[in-house]
Amino acid sequence: MKSYKTLLDENRAWAEDTFKKIDKKMSEMTLRSRDKIPDGVDKDGFHVDRMQTNPNWWCNGFWGGLNYMLYAYTKNEEYLKTANRSEELMDKALANYDKLDHDLGFLWHLMSGANYKITGDKKSRTRNFFCAATLASRYVMDGGFIRAWNWNSARDYSIIDCLMNLPLLYWASDEIGDDRYKKIAMAHADMSILDHLREDGSVVHIVEHDRETAEVRATHGGQGIAVGSSWSRGQAWALYGFTISYIHTGEERYLNAAKQVANYFIANCCDDWLPRIDFRAPAEPVYYDATAGACAACGLIELAKRLPENEGGMYMNAAMNILRAMTEKFVDWNPENDHMLGYGSVRYPVPGTYTEEQAGVHISIIYGDYFYTEAVLKLLGAEFFAW
Ligand code: GLY
């Protein structure tokens with residue numbers, strides 16, 4: 001197996017060329033969508049403004065975050081202007097306390113956390129601290145988990161996605177030199193190893209806990225095909241999420257959990273390296289989820305960097321196979337529309353429950369573009385790390 005470094009060198013020209021295309025497309029998109037908070041595109045391929053329908057939607061930090069990430073690498077002020085505008089628009093959502101849930105990391109850490117890291121903006125630091133305190137307050141003490149959503153029936157739910165919100169807590173502890181936020185993040189990550197991670201390396205999307213005894217009462221299929229299934233974006237959240245907890249804590253148990261999920265993810269990618277929505281769904285019809293591939297590629301690259309040569313090479317090789325295959329099949333470079341990485345899917349279209357349209361199958365979703373860009377920037381050695 002070639003090492004991480006050899007593979008990085010071999011793919012350098014590809015990454016440079018791909019990033020040029022991303023930058024070209026994004027430098028037009030950033031002007032067109034400056035006053036929007038996009039999470040998807042309309043039938044003509046233009047960004048839809050989520051601010052008009054749901055300012056608190058969990059995806060609303062990715063556009064600002066993507067622009068900060070691009071500004072950090074290119075120093076193109078137009079990206080900074082759009083990112084600042086996005087953050088300003090999102091203050092309306094931040095003021096709506098009852099609508100805030102565990103997705104505060106996705107929403108503000110990628111945006112305000114990024115702004116503070118890049119420019120030192122004090123207002124963004126305050127926004128991020130408010131979010132960290134609110135996220136920490138969702139920790140259910142005896143149950144040992146961070147509550148995911150606000151509706152009553154989800155009172156005792158934790159979801160695997162929450163691993164990606166924990167960086168907000170790691171940041172807050174580092175920033176004030178007090179480990180109380182970090183301890184909550186680690187308690188939640190430990191619960192995820194115990195309750196979400198299965199022996200074969202797959203993960204459960206939703207766990208329902210007994211909040212007094214911390215026992216698992218039930219598991220739910222969530223956005224996958226059924227109970228006991230393996231929703232690929234959930235696997236990607238776990239792969240990258242455990243890796244990030246390892247980066248912030250140095251605890252081997254998170255590295256081992258990340259490797260277990262990564263091994264499972266790689267084993268379940270088909271010959272074409274294009275992740276399906278659920279690894280346990282029937283082979284036909286073929287439903288892809290490119291967002292799972294993009295997020296997993298980020299996790300695989302970070303994992304590869306931190307492992308001995310040969311072992312790291314295996315993960316890097318998988319990341320490159322996924323990125324190259326998705327670029328070939330799913331990316332639209334036409335500068336006249338706002339859609340870059342296509343073939344994302346919100347959830348599995350369970351027959352009799354959701355049509356393909358209701359499930360949001362094979363669409364362009366903003367976090368697909370976010371993770372795809374992040375992965376390509378990693379290949380170029382970008383220093384900025386949002387998580
Ligand atoms: N965090 C929700 C999703 O991945 O769709």
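Counting starts at 1 for both ligands and their atoms, in listed order.
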Could you check ligand 1 for N or O atoms lying under 3.5 Å from protein N or O atoms and list the pairs with distances?
{"residue": "ligand 1", "atom": "1 (N)", "partner": "D161", "partner atom": "OD2", "Å": "2.7"}
{"residue": "ligand 1", "atom": "4 (O)", "partner": "D161", "partner atom": "OD2", "Å": "3.4"}
{"residue": "ligand 1", "atom": "4 (O)", "partner": "R233", "partner atom": "NE", "Å": "2.9"}
{"residue": "ligand 1", "atom": "4 (O)", "partner": "R233", "partner atom": "NH2", "Å": "3.3"}
{"residue": "ligand 1", "atom": "4 (O)", "partner": "W237", "partner atom": "NE1", "Å": "3.1"}
{"residue": "ligand 1", "atom": "5 (O)", "partner": "Q223", "partner atom": "NE2", "Å": "2.8"}
{"residue": "ligand 1", "atom": "5 (O)", "partner": "R233", "partner atom": "NH2", "Å": "2.6"}

(message) Parallel, tilted or perpendicular, judged at 30° and 60°: which one describes the rings of F62 and F106?
(response) tilted
(message) Any salt bridge linking R217 with D156? Criterion: basic side-chain nitrogen under 4.0 Å from a carboxylate oxygen.
(response) yes
(request) Give a yes-or-no answer on whether the side chains of E302 and Y315 include a donor-acceptor pair shorter than 3.5 Å. (result) no
(request) Tell me, with the steps shown, if Y343 and F330 meet ring pair (Phe, Tyr, Trp, His ring centres under 6.0 Å). (result) CA-CA 6 Å; Y343 285 81; F330 296 156; 4.6 Å; yes
(message) Please determine whether a side-chain nitrogen of the Lys or Arg among R324 and E328 lies less than 4.0 Å from a carboxylate oxygen of the Asp or Glu.
(response) no
(message) Test of understanding: with side chain to side chain contact (heavy atoms under 4.5 Å, CB included), list the residues that count as partners of D98, not counting sequence neighbours.
(response) none
